[in-house]
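Take a look at the structure below.
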Amino acid sequence: LALAAAQVLYLYAWFTRSGEIIRDNIITSAQLFENSIAAGRCEDTLSDNEWVEGACDIRFGQAAILYNWLGETEVDTIRSQGYRDKAYGLFSYLKHVPRFATVSKSWTSP
């Protein structure tokens with residue numbers, strides 16, 4: 001359920017009706033995407049088919065992208081660095097997954 005909840009927050013709960021960003025929903029979405037990695041058993045030992053069937057690219061990719069955005073937009077420097085550390089940790093792991101071995105050599109950021 002973590003993946004489904006993360007996607008709902010990511011796709012539909014960024015803004016209020018007046019256009020204000022609901023930052024807490026973005027934080028929760030990032031955390032749920034990250035938590036869903038373990039629930040989906042996303043490991044670098046999976047075959048390409050297992051990786052895709054488990055939606056592992058979405059679980060890792062969305063968590064990394066959201067944490068990176070949070071790090072870039074956070075005004076508190078300690079929290080900002082924490083979000084960036086999470087983003088780059090996920091990104092680094094993703095670059096070592098065999099499915100992305102060839103293409104990930106040109107990736108520089110989440």
Indicate, with yes or no, if [Y] and [X] share a hydrophobic cluster defined by side-chain heavy-atom contacts under 4.5 Å among Ile, Leu, Val, Met, Phe, Trp and Tyr.
X: Leu1; Y: Val8; value: no
X: Trp69; Y: Tyr67; value: yes
X: Leu3; Y: Tyr12; value: yes
X: Ile21; Y: Tyr10; value: yes

When rounded to the nearest 0.5 angstrom, what distance separates [atom1] in [X] from [atom2] in [Y]?
X: Phe15; Y: Glu20; atom1: CZ; atom2: CD; result: 11.0 Å
X: Arg84; Y: Glu74; atom1: CZ; atom2: CD; result: 10.0 Å
X: Asp57; Y: Arg99; atom1: CG; atom2: CZ; result: 5.0 Å
X: Leu70; Y: Ser80; atom1: CG; atom2: OG; result: 9.5 Å
X: Asn25; Y: Thr16; atom1: CG; atom2: OG1; result: 10.5 Å

Show me the donor-acceptor pairs, under 3.5 Å and distance only, between side chains in residues 26-33 and residues at least two apart or in other chains.
| residue | atom | partner | partner atom | Å |
| --- | --- | --- | --- | --- |
| Thr28 | OG1 | Asp24 | O | 2.9 |
| Ser29 | OG | Ala6 | O | 2.9 |

Neighbour count above 12 (heavy atom, 6.0 Å) for [X] [atom1]:
X: Tyr83; atom1: OH; answer: yes
X: Leu11; atom1: CG; answer: yes
X: Arg23; atom1: CZ; answer: yes

Worksheet entry | Residues which pass side chain to side chain contact (heavy atoms under 4.5 Å, CB included) with Cys42, listed by chain and number, not counting sequence neighbours |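 Expected list: Ile37, Trp51, Cys56, Arg59, Phe60.
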
Sequence neighbours excluded and cut-off under 3.5 Å, please list the side-chain donor-acceptor pairs for residues 85-95, or say none.
| residue | atom | partner | partner atom | Å |
| --- | --- | --- | --- | --- |
| Asp85 | OD1 | Gln81 | NE2 | 2.7 |
| Lys86 | NZ | Glu34 | OE1 | 3.3 |
| Tyr93 | OH | Asp44 | N | 2.9 |
| Lys95 | NZ | Trp107 | O | 3.1 |

Item to complete: State whether the side chain of Ser47 and the backbone N or O of Glu50 hold a donor-acceptor pair below 3.5 Å, judged by distance alone.
Response: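 Yes.
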
